Amino acid sequence: MKLAKDSAWAPLAVRTFRALWIAQLVSNTGTWMQTVGAQWLLVGHSAALVTLVQTASSLPVVLLALPSGALADRYERRKVLLCAQFAMLAVSTVLTVLAFGGVLTPGLLLALTFLLGCGTALMGPAWQAVQPELVEREQLGQAAALGAVNMNLARAVGPALGGAVVAASGAGWVFAFNTLSYLGIAAVLLQWRRPTTPQPTARSEGLLAAVQAGRRYVWHAPGVRRVLLRTALFIPGGAALWSLLPLVADRSLELGPGGYGLLLGLVGVGAVCGAFALPVTRHRLGPNGILAAGAGVFAVTLVVLATVRIPWLAGAALLPAGLAWISVLSTLNTAVQHRLPGWVRGRGLAIYLVVFQGGQALTAPLWGALADGLGLTVALLIGAGLLVGSALSVRCRPLHDAEGMDPSLSDHWPVPSLMFEPGPADGPVLVSVTYRVAPQHRAAFTDRMRHVARSRRRTGALTWGLFQDGGDPARFVENYLVASWSEHQAQHHSRLTADDRRFEEHARALLMAGTAPEVTHAFDAAAGPVVDSGGQEPDRPHGLRHGN
């Protein structure tokens, strides 16, 4: 398949990406069919119970995404994906058997939906993180958009098909189709032979340490934090549509399961159409314009659903909602992908998924409670108000400009020259870097070192400080503490990026001519000296150690 590299469909020219995309389309169709079946089985109960279907499927991401992200960085991502597929296949089989047996109670339905959500939580970070292995970096935006197209094509077909099947034959058959749909992705993954790549850096870390490293990276990455903020501001209002649409179909529009499926299908059709318009929209509006416009369009849709009782008018309003949804999601997904280096991509994407899915999981029961307590119309209007606030906030809290960012690996630090070979667990390690700065550059130097500080903390520093010598004002000392020697070695060889190197070079350009930074490494001396008076290393390698 030959496609222009700048085409929206260019990633489909990659054989493995194309095969996974098709298999995912089938699986997503099954998921949407099951969602319709599950929600319609509960639609005769309270609004809160109906919205709990979304909570049950999304809450596992909040609970498990971070450990799943660490697993995606720690182990081969293909194997993680396969484990998730087979686990979901087993759970879906049980759900199907119970449905056909007529013993599927609301409690069992929600519990099994929660377990399927656990499989999704395990799969999510690895699925996102594997995209750069399938397509070129320049095509990550198209790949993210195609992922959204995939989901919304499934949304266009799955709900309508699921509603028809539920109306004709019962929910058991939609659960059965979903069970079979997992086999396609598993078959493609079993045939895929990944290119030889270095072992994930998280393999040498404990699971908790790997999770902490991912959390630390995101906390000290302003660009990633801003993406998370924009996600958190959009999702609560956006979740109102998915949580309350079954109730709109049943109570306001008086439609059956087939009609509800068609409403969801219209959102999917709008999203697919939006994929064609996305390159032009991105060029004209830019990322922040898309976020503001998308939230505004979603708000208008909720107002229409709150006030209109004519099915075809409500359906017409859902078409632009689909376009807005795919535009916002692909913008956020591309933004976070571009800002994460490979060593922490799985964990960073896991945190993004926590915010994205967690926002839906936590707000879904609130929308149900509001619909029960204040009425469906008021709940929809409150959601619209939140989205208007999200659109207006883009002006004061926009996405940071990603132009020129380069998160590719940069192994530019020299190997430390030590008098001994530390063990991987030796530490903590105090790294000190001494600089000499001319008087006219000292203020600018301290300002530029703020970016270096974030770099150190992102890649492993537990503490950081910059100090000016009281007896020699030209002398500045940077100190930062790393938990262990293996952590510091990871900084050296697998965590620094081209951006980190640029921040360092930008600060060091202000040093006095002819001077260079002096680096020392010191280890915990609490256990006694390491090097004795004769220069011999004792049997127990602990104590104060220095290296340039």
Side-chain angles (χ1 to χ4, degrees), residues 72-74 129-133 135-140 195-205 210 213-214 216-225 227 334-349 400-418 429 431-435 445 447-462 464 466 478 480-511 516-521 547-548:
D73 287 332
R74 184 181 176 92
V130 85
Q131 300 303 307
E133 299 180 30
V135 301
E136 299 175 2
R137 174 177 168 78
E138 293 75 15
Q139 295 179 345
L140 282 176
T196 303
T197 56
Q199 286 290 339
T201 58
R203 177 69 67 87
S204 61
E205 302 170 328
R216 183 175 58 234
Y217 182 92
V218 169
W219 181 253
H220 295 290
V224 177
R225 290 207 316 270
V227 177
T334 301
V336 75
Q337 287 271 14
H338 275 295
R339 288 164 171 79
L340 290 170
W343 72 271
V344 75
R345 183 176 293 119
R347 285 163 282 184
L349 287 166
H400 295 318
D401 186 10
E403 190 69 27
M405 290 185 63
D406 186 359
S408 60
L409 178 66
S410 178
D411 190 359
H412 61 274
W413 282 2
V415 176
S417 176
L418 303 178
V429 184
V431 183
S432 299
V433 188
T434 303
Y435 309 92
F445 175 76
D447 183 64
R448 294 182 183 185
M449 286 296 289
R450 291 185 298 107
H451 297 287
V452 176
R454 293 194 187 103
S455 168
R456 306 290 198 234
R457 291 181 180 274
R458 280 195 299 267
T459 55
L462 302 176
W464 183 91
L466 181 66
E478 175 196 8
Y480 61 94
L481 193 68
V482 186
S484 66
W485 183 246
S486 63
E487 278 278 293
H488 188 52
Q489 288 294 90
Q491 282 185 307
H492 267 266
H493 302 301
S494 59
R495 292 184 179 178
L496 293 173
T497 67
D499 288 327
D500 296 320
R501 180 172 187 167
R502 176 167 52 86
F503 294 142
E504 291 177 11
E505 292 174 345
H506 195 48
R508 294 179 182 188
L510 300 177
L511 300 186
E518 298 178 3
V519 184
T520 64
H521 301 77
N548 295 322

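Just so you know, these numbers come straight off a predicted model, no measurement behind them. The basis for the numbers below is simple: all heavy atoms, side chains too, and nothing from hydrogens, waters or symmetry mates. Sequence positions, counted from 1, serve as the residue numbers for this chain.
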What is the distance from atom [atom1] of [X] to atom [atom2] of [Y], rounded to the nearest 0.5 Å?
{"X": "Trp343", "Y": "Thr497", "atom1": "CH2", "atom2": "OG1", "answer": "10.0 Å"}
{"X": "Arg501", "Y": "Leu409", "atom1": "CZ", "atom2": "CG", "answer": "11.0 Å"}
{"X": "Ser484", "Y": "Gln489", "atom1": "OG", "atom2": "CD", "answer": "9.5 Å"}

Are [X] and [Y] close enough that some pair of their side-chain heavy atoms sits under 4.5 Å apart?
{"X": "Leu340", "Y": "Tyr217", "result": "yes"}
{"X": "Arg454", "Y": "Phe503", "result": "no"}
{"X": "Leu510", "Y": "Tyr435", "result": "no"}
{"X": "Pro416", "Y": "His492", "result": "yes"}

Taking atom NE2 as the centre, does His506 end up with more than 12 heavy-atom neighbours from other residues, nucleotides or ligands that are less than 6.0 angstrom away?
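No, NE2 of His506 has 12 or fewer neighbouring heavy atoms, counting only those of other groups under 6.0 Å.
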Evaluate His220 against Trp464 for side chain to side chain contact (heavy atoms under 4.5 Å, CB included), listing each step before the verdict.
CA-CA 12 Å; His220 295 290; Trp464 183 91; over 6 Å; no
Residues in side-chain contact (heavy atoms from CB on, under 4.5 Å) with Thr459, at least two apart?
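With neighbours one apart ignored, the set is Gln491, Arg495, Leu496, Asp500.
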Closest non-hydrogen atom pair between [X] and [Y], with its separation:
{"X": "Ala461", "Y": "Val482", "result": "CA-CG2, 4.5 Å"}
{"X": "Met449", "Y": "Ala507", "result": "SD-CB, 3.8 Å"}
{"X": "Arg216", "Y": "Gly460", "result": "NH2-CA, 3.4 Å"}
{"X": "Ala221", "Y": "Arg458", "result": "CB-CD, 3.8 Å"}
{"X": "Ala483", "Y": "Glu487", "result": "CB-CG, 4.4 Å"}
{"X": "Ala498", "Y": "Ser410", "result": "N-CB, 3.7 Å"}

Establish, from distance only, whether the side-chain atoms of Asp406 and Ser408 form a donor-acceptor pair under 3.5 Å.
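Indeed, the side chains of Asp406 and Ser408 share at least one donor-acceptor pair under 3.5 Å.
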Do His488 and His521 meet the criterion of a side-chain donor-acceptor pair at a distance under 3.5 Å?
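Judged by distance alone, the side chains do pair up.
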Could you walk me through whether Glu504 and Arg456 pass the salt bridge (charged side-chain N to carboxylate O under 4.0 Å, His left out) test, one step at a time?
CA-CA 10 Å; Glu504 291 177 11; Arg456 306 290 198 234; 2.9 Å; yes
